[in-house]
Amino acid sequence: MSRVACWLLAVITVAGAVRPAAAEVVPAPRDQIGVYHWGPATAAWPGTPDKLTWGADAVAALGSRTIRVALSARDDYKVNNGKSALSAIAGQPAYAKLFTDSRFSTYLLTVYSADDLTGNWSDGYSKAEQDAGRAEMAQLGTYLLKTYKNKKFIILNWEGDNALSAFPSSDATAWDGYVKWATARVDGVRDARAAVPAATSRISSGLEFNAIKRLDSGAACDTTTNKCVISYVAPRVDADYYSYSSWQSLGSDGSRLTRDLTVAYDLVSATRPAVTHANFLVGEFGAARDINGECKAAAQVRTTVAALESWGASYGIFWQAFDNDPASGIYDGFGAYRRDRSLSLSGQTLENLYATGTPTVPAATCAAINAGGVVNGKTFKPVIHPGDVISIFGSGFSASGNIVWIKQGAKSYQIKAGSPWWHESAGQINATLPAGVVTGRNVNVYVTRSDARVSNGQLIDITPS
């Protein structure tokens, strides 16, 4: 796909303020595909530098020039130094270091003020709240434009459909309050642009959604009984970008993502005909290794990048730099870097993208557990009780050095050589369930080979003895 190196210079005037035209230019690969750093496994953090800089260094080491991070009064990286105003947080040393880092050109910021964190839009978002939210966003944007040179900032929320999931479509107060909240943020960004018209940096507003179909029922999004952010909020909010956190649309060949992006585009462009595909971005994409397997997760990176590039989205953000905190329910998860800070296959695929422009998946052997391949080790049936020996049938296991992982809720167990009734070969592993694994449903079983590559996961039920 050919790319244009410069931004369009055309401007339009909205409500008396000069702002960029709706049309955006898709950047080159190192700028187009970024990496998120938010909520990693803290055990991977070496203690220095601060957690924000640590993640930024890891993203830059891959070769990306685009990063997404949180900038929030919640102080996710413990670098706010007691500051609560957004502009003051942005001025703290860790953020200043990030925003002056010559390795990055573009920053997608998941921004929440102290008031935003209370969900104050849910009871209607009063005029006073709108004015305060707009003013704080304008102060943040003005600070960024005045302080930093030749950078691009995109101000985002996080997954609006999750925020609204507790409110039925009939709750007009909450849904319209969210529209007002999102509009105040967009207006604040616009105010910042008007305040610093000669800035060499750019700042844009964004609205993130995460559903093309209702999260609860799977019904198609509409503006009445099945409201979603993309169908009800987005057409009413004049954002520069619409960000799709795309977990509902991931598939093996990318066709579902492109189809769903088109659905989103059609819903917004019906009221905003100047919007193009380049006004959309994919705010999160990825695949968990302990569910999909390492090779399939890396392949998902390749197909997603190709799909969003061919569709014409401006940016795609890989979730995420490091594996999630285990408390999230994913252990050997989404990271470009594993818990030991080595690169996963997904990370290597991104590294290839940044080096060559093509997301090539390295040649690798990955273990694969057969469908229904985790059974009772004595009966070879799927009925498994606490303390049983299990047999895992598949392919590509190491001759030795495998580790069987059992994930139940927030707890994770390792089983390896030396444990009772252990057996391992390329096609079968026998292991005894640890005492902590109790009766329950949807227990995830997967295997890491001796080279740390992760198999796909298989869900089993543990039934009472």
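No hydrogens, no waters, no symmetry mates; every other heavy atom, side chains included, goes into these values.
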| message | N150: which residues meet the side-chain contact (heavy atoms from CB on, under 4.5 Å) condition with it, sequence neighbours left out? | response |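 Once residues adjacent in sequence are excluded, the partners of N150 under the side-chain contact (heavy atoms from CB on, under 4.5 Å) criterion are T200.
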Indicate yes or no: at least one non-hydrogen side-chain atom of [X] is less than 4.5 angstrom from one of [Y].
X	Y	answer
R185	D116	yes
N120	Y125	yes
V233	L207	yes
F209	E159	no
S169	T224	no
W54	H37	yes
R193	D240	yes
T271	R236	no

task = State, without any angle test, whether D253 and S255 hold a side-chain donor-acceptor pair at a distance under 3.5 Å.
result =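 Side chains of D253 and S255: pair found under 3.5 Å.
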Would you call the rings of [X] and [Y] parallel, tilted or perpendicular, where under 30° means parallel and over 60° means perpendicular?
X	Y	value
Y107	F153	parallel
W181	Y178	tilted
Y315	Y241	perpendicular
W247	F334	perpendicular

Considering only NZ, NE, NH1 and NH2 on the basic side and carboxylate oxygens on the acidic side, decide whether [X] and [Y] come within less than 4.0 Å.
X	Y	value
R302	E309	no
R190	D238	yes
D76	R74	yes

Per-pair distances, 0.1 Å, donor-acceptor, side chain in residues 84-96, under 3.5 Å, sequence neighbours excluded:
unit_1	atom_1	unit_2	atom_2	d
Q92	OE1	N81	ND2	2.9
Q92	NE2	A88	O	3.0
Y95	OH	A70	O	2.7

- Task: Would you mind listing every disulfide bond (SG atoms under 2.5 Å apart) that reaches into residues 111-159, with sequence neighbours excluded?
- Result: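 Every pair satisfying disulfide bond (SG atoms under 2.5 Å apart) with a residue in residues 111-159: there are none.
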How would you list all residue pairs meeting disulfide bond (SG atoms under 2.5 Å apart) that involve residues 212-265, not counting sequence neighbours?
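Disulfide bond (SG atoms under 2.5 Å apart) check on residues 212-265 returns C221-C228.
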I317 and its side-chain contact (heavy atoms from CB on, under 4.5 Å) partner, picked from T66, I67, L156, I33:
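Between I317 and the candidates, side-chain contact (heavy atoms from CB on, under 4.5 Å) is satisfied uniquely by T66.
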field: Intermediate values then yes/no, side-chain hydrogen bond (donor to acceptor under 3.5 Å, both in side chains), T365 and R453
entry: CA-CA 8 Å; T365 298; R453 293 188 192 123; 5.4 Å; no
Report yes if the distance between the aromatic ring centroids of F167 and W121 is under 6.0 Å, otherwise no.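 Here the rings of W121 and F167 have centres that are less than 6.0 Å from each other.
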- Item | side-chain hydrogen bond (donor to acceptor under 3.5 Å, both in side chains) partners for D176, two or more places apart |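 Checked D176 against side-chain hydrogen bond (donor to acceptor under 3.5 Å, both in side chains); matches are Y232.
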Could you list the donor-acceptor pairs under 3.5 angstrom formed between side-chain atoms of residues 140-148 and any protein atom two or more places apart in sequence or on another chain?
unit_1	atom_1	unit_2	atom_2	d
T142	OG1	A138	O	2.8
T147	OG1	Y143	O	2.6

